[in-house]
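Structure, as structure tokens:
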2 protein chains.
Amino acid sequence: MVVDQLSDAELDRLFQAFADTTRRDIMRRVAVGEYSVTGLAALYAMSFAAVQKHVAVLERASLVTKEKRGREQIVRGNHDGLEKVRRLLDEYEVIWRQRVARIADILAEE
Amino acid sequence: MVVDQLSDAELDRLFQAFADTTRRDIMRRVAVGEYSVTGLAALYAMSFAAVQKHVAVLERASLVTKEKRGREQIVRGNHDGLEKVRRLLDEYEVIWRQRVARIADILAEE
DNA sequence: CTGATCTACAACCATTTGGTTGTAGGATAT
DNA sequence: ATATCCTACAACCAAATGGTTGTAGATCAG
């Protein structure tokens, strides 16, 4: 099993990428289908450049990939990025449960 | 079952709160034990005010709660906030798996 | 070749963020 | 009563964020 150590900077970028409504919506879209950057831009009430920037943020966070197809750039969801975030939150969950279990033990002892 | 609709603003706050190394570290600490704000501040190479602000960000995101005890303010992890984020990411996961399944079906038809 | 389309990126702007120091109020200890 | 401790918050600053318009390079269609 690969340990896949996540740097703080990488996690910062991952969570930061999710911390915007438009980007979360893009994530949902590209998880289901394929979109060019222009195709995505058509969905939102903001400029093409703004959407292109959002896609760039997602790309830097490894949450999407882009593939050139003719003059278009096809944006696809990257499952790895999502998995990394989920895994981290699962760790927090484990820590939490351990604590709850510990407290339960303490209460049982009384 | 409570649906517990999450507003975009609430999700923005939750992910934003996680998008900082210091705040993630605070989350790990308060998941395990109890800390006053001063107790937390002692752990980091920054001013008390900076840490107090980080705690305030986590509190606004419903990721921690504070309880006054004498002149101290005890910071505790709030499991609900963590669960909300995990649940959202699980939704993305479900969407993703549906897509993978759909592609597998298409490939199977050929 | 020419014009239209798709993308990337620079420059700019307002707001937010993450840090600082300083001030002030409530709780505790002596 | 007084000094100390813990906290909150204001004011400030530099950098990042989320948006804009404009420019320019590829690629495609006629």
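Computed from a predicted model, the values in this text were never measured in an experiment. Note on naming: letters A, B, ... go to the chains in the order of the sequence lines (proteins, then strands), and numbering restarts at 1 for each one.
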From [atom1] ([X]) to [atom2] ([Y]), nearest 0.5 Å:
{"X": "B/L43", "Y": "B/R29", "atom1": "CG", "atom2": "CZ", "value": "4.5 Å"}
{"X": "A/Q73", "Y": "A/R69", "atom1": "CD", "atom2": "CZ", "value": "11.0 Å"}
{"X": "A/I26", "Y": "A/R28", "atom1": "CD1", "atom2": "CZ", "value": "10.5 Å"}

| B/E91/B/R87 ion pair, N-O < 4.0 Å |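 The answer is no: the pair does not qualify as a salt bridge.
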| query | Using a cut-off of 4.0 Å between protein heavy atoms and nucleotide atoms, how would you tag nucleotides 17-29 of chain C 5' to 3' with B, S and -? | reply | -SBBB-----BB-
Value in whole Å for how far the [atom2] atom of [N] lies from [atom1] of [X]:
{"X": "A/L40", "N": "C/dT5", "atom1": "CG", "atom2": "P", "value": "19 Å"}
{"X": "A/R13", "N": "D/dT17", "atom1": "CZ", "atom2": "P", "value": "11 Å"}
{"X": "B/D12", "N": "C/dT15", "atom1": "CG", "atom2": "P", "value": "18 Å"}

| said: Please classify the nucleic acid contact of B/Q52 as base, sugar-phosphate, or nothing, using heavy-atom distances under 4.0 Å. | reply: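 Here B/Q52 touches the bases of the nucleic acid.
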| query | Can you name the nearest heavy-atom pair linking B/Y35 to B/L40, along with the distance? | reply |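 Heavy-atom minimum between the residues: CB-CG, 3.6 Å.
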| Closest non-hydrogen atom pair, A/L14 against A/G81 |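 Closest heavy-atom pair between A/L14 and A/G81: CD2-O, 3.9 Å.
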